[in-house]
Amino acid sequence: MKIVVCVKQVPEVTNVQVNPVTGTLIREGVKSILNPFCEYALDHAVRLKKAYPDIEIIAITMGPPQARDVLLRSLELGADQAFLVCGREFAGADTWATALTLASAIRFAVPDFNLIFVGKQAIDGDTAQVGPEIAEILTLPQITYGVEAELVNNLRQIQVKCEIERGYEVIEAGLPALVTFSKGEVVRRVPTLKELIDSRSKPIHIVTPQNLAIPEGELGLKGSFTQVVKVFPPQEKKNGEVIQNVDAEVAARRIADFLEERKFI
Amino acid sequence: MHEIYSLSTYAISPDSVKCIQGYETIKAEYSAYLTDESKINSTPFDYLYFPRNEEELAAVIKDLHARKIPLTIAGARTGLVGGCVPQGGALVSLELFDAVEALYQNPFSGEWLLRVQTGVSLKTLDGMLRMKKFSNLEVSQDEFIQTELERFKNDQASYFYPPDPTEMSASLGGSVVTNASGARTYRYGPTRAWVRGIRVFLANGEYLDIPRGKYFASPAGRFTVYDTKGKSYSFTIPNYPLPRTKSTSGIFTAPQMDLIDLFIGSEGIFGIVTRVDVALMKREDKISIVQFVDSDEQAIDLTIALRDNPNLQMDFLEFYSTNALNLLRERQQREPSAVGMPMLPEDAKSAIFFEMSFDPRAEKMDFSELEKTIIQCGASIERSWIGYESRELDRFKVFRHLIPETVNEIIAERKKTYPGLHKLGTDLAVPDEHLRDMWKLYRDGCTKGNFEWLAFGHIGNNHLHINILPRDLKDQENGLDLYAAFAKKAVEFGGAVSAEHGVGKIKGKFFKLMYSDEQIDQMRQVKNALDPDGILNPGDIFGN
Amino acid sequence: MLIINYEDCTGCKLCVNNCPFGALMYEDGRVQVSELCTLCGACANVCRKNAIHIERKQASTEELSRYKGVFVWVELEERDDRMEPRKVAYELLGKGRALADKLGQELIAIVIGDEKASGYEALGQFGADRVILCQHELLADYSTDGFANVMCALIAQKKPAVVLYGATPHGRDFAPRVAARLKLGLTADCTGLDIDADGQLVQTRPAFGGNIMASIITPYSRPQTSTVRPNVFAALKPDPDRKVVIENFPVTLKKAAIRTRVVERKYFDSDGQESIEDARVIVAGGRGCQKAANLELLREVAGKLGGVLAGTRAIVEQGWIPHTLQVGQSGTTVGPDLYIAVGISGAIQHIVGMSTSKTIIAINKDPDAPIFKTADLGIVGDGLEILPILSRMIESKK
C-alpha cells in the first residue's frame, strides 16, 4: 500500500515581524521549517505503517531547491522516498495552481497511490484549500480535520476521527482517498541517530515541469486565478491604558471598576 | 603594568536616587527582593535602591560608605548561594542598568564585541544577537556605532555569547561575578574566557576601567590603585594553586595575573561591575544527541570514550542517571504534554546527552567515528534521539531542564509538611582521572544512606549535581553530613567544592575544606585593601 | 508582469529591501526580478520614482458581465429537531447586502438540506432578496460530495458573480472542491470584502499567520468565491417588512455519488457552557496560567460575568482544554462584547481570532507582551494573584 504525504516548507511564522513603515516582512532570523500540520500528517502515516509494515510512505513537496530540507526531515521522520517538484515555472502559484501541479506530480510519480495525506493548512497561507483541490482534481473522496486514522474492512476503507466545532465525528471513505490532518494526540516524533544516518541514503527524486503534462500557461503565477494586489501590516488597535507596578489588590480594583463603568457588572 | 588609576563620575546628590525605605515596606511591596533562588532568609534591611545610571550608583555608594551602612548588590536574583541576600544594611538593585552601549569589532583579532551594562539578562542578550536588534544602539546618533551596527547586520553569519548557564534569566553582571558556567563550558570555557573588559565601582565610589591584557600583577604579585584624591593602596594577590577543574570556589589567582580576573568570580566583594565587554562567537549548525545506555556505569564508560577520542569534538557532554530518567518517566506518564517529547524508551536506563557541529545539508554525512565509539561501549544508535533544527534544539533544552524543575516541584510539595525542607544538591567537580572514583563514592554513599536521590549534570567536566530529595528533616541532616564527606573527598582528589554556583553565604563550610587559614587570610588582605570598611556584599565568601 | 523602467530607476534598492517574497535583487548594476514575484505591488508602492509598473492579464468585460448576483451559502445547524441557519450566515448576508447594493444585483441565500431545513423564510428580513432551497433526503447530513455537487450545479445554472461561504469546518471543506471543479478563484478567511471601481470583489485576508494583510482579486474567472470566518462581519438588524422570494431548485443526487459516511458523532458535554463562537463574554487563558488547575480561577470569573472559558492553541496542545475552546488562526474566531486575556502573550495568530471583540482586557507579567497593543485595559501583573481578588470584588459589586 502506498501513502503519499504532501509536505510544505514554511517560514516559522511565530517569529516573523512586519516592518511597521512599509508593511512588508522582515526576513532576518526567520527559519524555514516543515509545516507543523504536514508533520502531523506524516506522523499519522507512520503510525499506520507501524501497524501495517508493508506500507510505503512517499513524501512530496512543491518548492524551490531549498525545500529539499523538508524532504530530508520527512525521510528522517519515517518516509521511505521523496519527490521534489521544482522549476521556475511553478513559482507564484496560488492554491489552485499548486494543487494542479501536485496532483499531476502525484499521477506521474506514484500513479498507484492508495491514500494521500496532507496537513489541514499551511501556517503561512492558512487557506486549507490545496488538500481538497487536489482531491477534486484526482476525483477522490476527502475527509478533513482528521486527528486519528484507522484502516478497516481489509484495508479497503479508512476511518478518520475528525475535529468539529462541538466535538468529534468519525467519517469513513473507501480507498483511494485524501485526508487532511490536524494535531490530535500526536507527540512530535524525534528521529534516532540510526534513522538520521539511514535517511541520507533514501532517494530524493526531482520532478520538473517537463515531466508533467500541463500546459505552461496553467502553471505558477500565470495559472493562478487569484492575484495579490496589495500587502499591508494589520491595523494596530486602539492604544488602551496599561497599568504597571501595582500590586494584585490595586490591579483587581482597577479591573472591577472598569467592568462596572462599561456595565459588565 | 600593575598600577591603575581609578576615576570619578560626575557627583550628584544621593537623594535623587529611587529608594524604598523601611523593612516593613520592603517586605510588603518588594518581597521578591528579600532573597534569591537559594531561598535563605535575609536579615532585615531598611534601604532598597534602584540607581538608573553610574552617577546615581556612585552617589549611593559614597553616601552609604560615609554612613557606614553595608550594601549588597542584586542583579536578577537568580543566584543559588545567597549572594544578593542582604544581612542588614542596604540592597542595591542594578536591574535598571540595561543599556547596550556599543557593538564593535576588534580590528586585529576580528572578534566582535558587545559592550553592555550588567543588568541585561543572558536571555535578552541572546535574543538581541539572534535578531540582530539592539534597541538603544539603533537610535544612537554616533556615526561609529551606526557603521559598526550596519556591518554586523550585513555579516551573513549569526553570533552568540557562549556561556550558557541553565538559568538564562540571570543578569550578565551576576554571571560575571560568579564566573558562571553552563553545559557549553565543556568546549568554550567559563564566563572568564569571554570577558574582554569591565568597568567596576569600588567601595569608595570611584571606578576602574579594566580592559583585558593591560594590567598585570608585578613579579612580586602586587597591584596598586591610585584614586582621584591622590591616595594609593596596594595589595598582593593570593598564592595558592587553583583546582584542576571548573571552579567558582574563591578568588582567582595566578602568577602575574590580569587584574580583570581578580574581579571576575569575586562575587562582588571587591567591587561592583556595571558594564562588561563580552566577546561573541560565530554560530554553527549543531546536532543534539541523546544516547540511551544500559546503566550509569556504561554512561561513564561512554563519556570517557567520547572525551578521549581525538576525532570527536563535543560542545557539551551531559549525564542523566537511571533515577533521573525514572523521575522523567513518571512525569511523562502523569503529564505527557508537559514533557513534550516521545515516551522515554522502556529499556533506556541512563543517558548521555551531547552536541556537536553538524551540517544537515552536507553532501556526505559521516558519523562512523561516533557510531564506532558508541558501539564499542556496548550501546546502540537505534536507542537515541537527535535534533538539529533550532526549535528541536530548544525542545531538547526544555527536556533537560525538566529534571531540576520536577525535583523543585516535589520539594515544594514536601515543604508544605516540613517547612524547613529543601533539596540537597552538590556542586563538586574533580579532575578527569577521578571521575569513576567520585561516581562510586556518590553511588555507594547515597545507596547506603537509603536516600531518594538522582544525578545529572556536566559529566564532561566531571561536575555532577547529586540531588537528594529528603523525606523529612532527619533525612535532610543525614544528607548534609554525606555531602560534607563528598566535599572533603573532592578536595582530596584536587577538585573544587563549588564548580559553578559560587560560595556566597552558604558554602563557607566547604570553602574551609579547600583552603588553609593562611590562604584564606591572603584573600582577606585583598579585601581589606579594596574595601577596608567591609561594606560591599558582607557575608559573601568569607562569612562574618 | 513586473515592468521596471530603468531610465527612471536610481538604484536606491528600496524595492529590493521591501519585497516580502525576496524576489528582487540588485545585480549587474540593475534591479532584477526572479520567479518568486507574485505581483503583489509592494515594490511599486515604495518606489519614489514610479519606475515600477505591474501589467495584469484582463478578461473581457463582456464575459464577466454575464455573471450576476451575490450568493451566500447558509449553513444549517441542529436546533431541537430542526435544522436552522447558523449565526455566521446572517453575518454574511449583512455583508452580502452591501456588496449586492454596490453591484446593483440580487442577494441570494442558498439553503442546502433535507425537509428538516427551516427558518429560511426569515432570511429576507436579514437582507436576502431570494432564497434558493435545495432539498433532498441525501442532504440530511453534510457531505463533501453532496454539497459540492449541488453548489456546482447551482452555479453552472444561475451564474452568480460572487459566492460567499462561512469559513466553518464544513465551509472550508467543500468551497475548495467547488472552486477546483469549476476552475474558480477562492480566497479563504476574508476579513474584508469590497467592490472596487472596476466592479471586482476585493478580498482582504491575513497571511503569514496574521503578520501581514493581503488584498486579493480574482480578475478573470466567475464567480469570485470567498470564505469568511464567523464573528468578522455583522448581521443587519432584521427588517420585518422586507419581502423575499423562495425558489425551489430541483436536486438530482444518487447515493453512490456520496463517497463518505458518518460512522459516529460525539459532541462534548459542554456543561451547559455555550459555544465560544456565540459567547458575549469570554475569559481566555494562555501558557502564562502555568497549569491546567489554574484555569479554575478563569472559569470562576467567567461564570460571575455570565461568560465562558476559552484558550490559546498552546494550552489546547498541552491538553488543558479541548480544541472546541481554542481561539485563534487555527481555531475559532470569536467576537464577544468582553474578552479577558490572562497569561496570553498575544502572538498574532491568537489576535487574529479575537481582535473584533468589542472590549479587551489583558493581564500578563511581561510588559512587552504584544497583547497590550490590542487591549483597552492592560495590567502588567500576575493573573493568578489578581483573579481571585477580582472574583471577590465582582461578587461584592453585584
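Everything quoted here is computed from the prediction, not taken from an experiment.
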Salt bridge Glu260(A)-Lys397(C), side-chain N to carboxylate O under 4.0 Å
yes
Does this structure show an ion pair linking Arg86(C) with Glu165(A), if we count only N-O contacts that are shorter than 4.0 Å?
yes
With rounding to the nearest 0.5 angstrom, report the [atom1] to [atom2] distance, [X] to [Y].
X	Y	atom1	atom2	result
Gln349(C)	Asp126(A)	CD	CG	8.0 Å
Thr359(C)	Glu261(A)	OG1	CD	11.0 Å
Asp145(C)	Thr139(A)	CG	OG1	10.0 Å
Glu241(A)	Asp376(C)	CD	CG	10.0 Å
Phe174(C)	Glu136(A)	CZ	CD	12.5 Å
Ile389(C)	Glu249(A)	CD1	CD	5.0 Å

Given that the side chain runs from C-beta out, which part of [X] has a heavy atom under 4.5 Å from chain C: side chain, backbone, both or neither?
X	value
Tyr145(A)	side chain
Arg262(A)	side chain
Leu140(A)	backbone
Thr180(A)	neither
Lys120(A)	side chain
Phe37(A)	side chain
Gln157(A)	neither

Closest non-hydrogen atom pair between [X] and [Y], with its separation:
X	Y	answer
Asp173(C)	Pro132(A)	O-CB, 4.0 Å
Ser215(C)	Phe232(A)	OG-CE2, 3.6 Å
Ser221(C)	Phe225(A)	OG-CB, 4.1 Å
Gln129(A)	Ala188(C)	OE1-CB, 3.2 Å
Arg205(C)	Gly125(A)	NH2-O, 2.8 Å
Pro367(C)	Gln244(A)	CB-OE1, 3.8 Å

What part of [X] is in contact with chain A, defined as an atom under 4.5 angstrom from a non-hydrogen atom: side chain, backbone, both or neither?
X	answer
Thr332(C)	neither
Arg280(C)	neither
Lys304(C)	neither
Thr204(C)	side chain
Ile351(C)	neither
Gln203(C)	neither
Leu338(C)	both
Pro169(C)	both
Asp189(C)	side chain
Ile258(C)	neither

Chi angles and distances behind the side-chain contact (heavy atoms from CB on, under 4.5 Å) call for Thr226(A), Ile217(C)
CA-CA 6 Å; Thr226(A) 58; Ile217(C) 58 171; over 6 Å; no
With chain A as the partner, which of [options] has the greatest number of non-hydrogen pairs under 4.5 Å?
options	answer
Val316(C), Asp337(C), Thr227(C), Val281(C)	Asp337(C)
Arg392(C), His170(C), Lys183(C)	Lys183(C)
Leu305(C), Thr144(C), Thr187(C), Leu186(C)	Leu186(C)
Leu387(C), Asp382(C), Val263(C)	Val263(C)

Stepwise, does the side-chain contact (heavy atoms from CB on, under 4.5 Å) test hold for Ile255(A) with Ile379(C)?
CA-CA 9 Å; Ile255(A) 300 175; Ile379(C) 309 277; 4.0 Å; yes
Taking the side chain as every heavy atom from C-beta outward, state whether [X] and [Y] have any atom pair closer than 4.5 Å.
X	Y	value
Asp94(A)	Ile216(C)	no
Glu317(C)	Lys183(A)	yes
Glu133(A)	Arg177(C)	no

Measure from the ring center of Tyr168(A) to the ring center of Phe268(C) and say whether it is less than 6.0 Å.
yes
Full working for side-chain contact (heavy atoms from CB on, under 4.5 Å) between Val380(C) and Val242(A):
CA-CA 7 Å; Val380(C) 178; Val242(A) 179; 3.9 Å; yes
Heavy-atom pairs under 4.5 Å with chain C - which of [options] has more of them than the others?
options	answer
Pro64(A), Ala99(A), Ala256(A)	Ala256(A)
Ala135(A), Gly220(A), Gly131(A)	Ala135(A)
Ala122(A), Pro141(A), Ala173(A)	Pro141(A)

Take Glu264(C) and Glu169(A), measure what side-chain contact (heavy atoms from CB on, under 4.5 Å) needs, and give me the verdict at the end.
CA-CA 6 Å; Glu264(C) 197 192 313; Glu169(A) 263 177 357; over 6 Å; no
Could you tell me whether the side chains of Gln121(A) and Arg172(C) share a donor-acceptor contact shorter than 3.5 Å?
yes
Any sub-3.5 Å donor-acceptor pair from His323(C)'s side-chain atoms to Ile164(A)'s backbone N or O?
yes
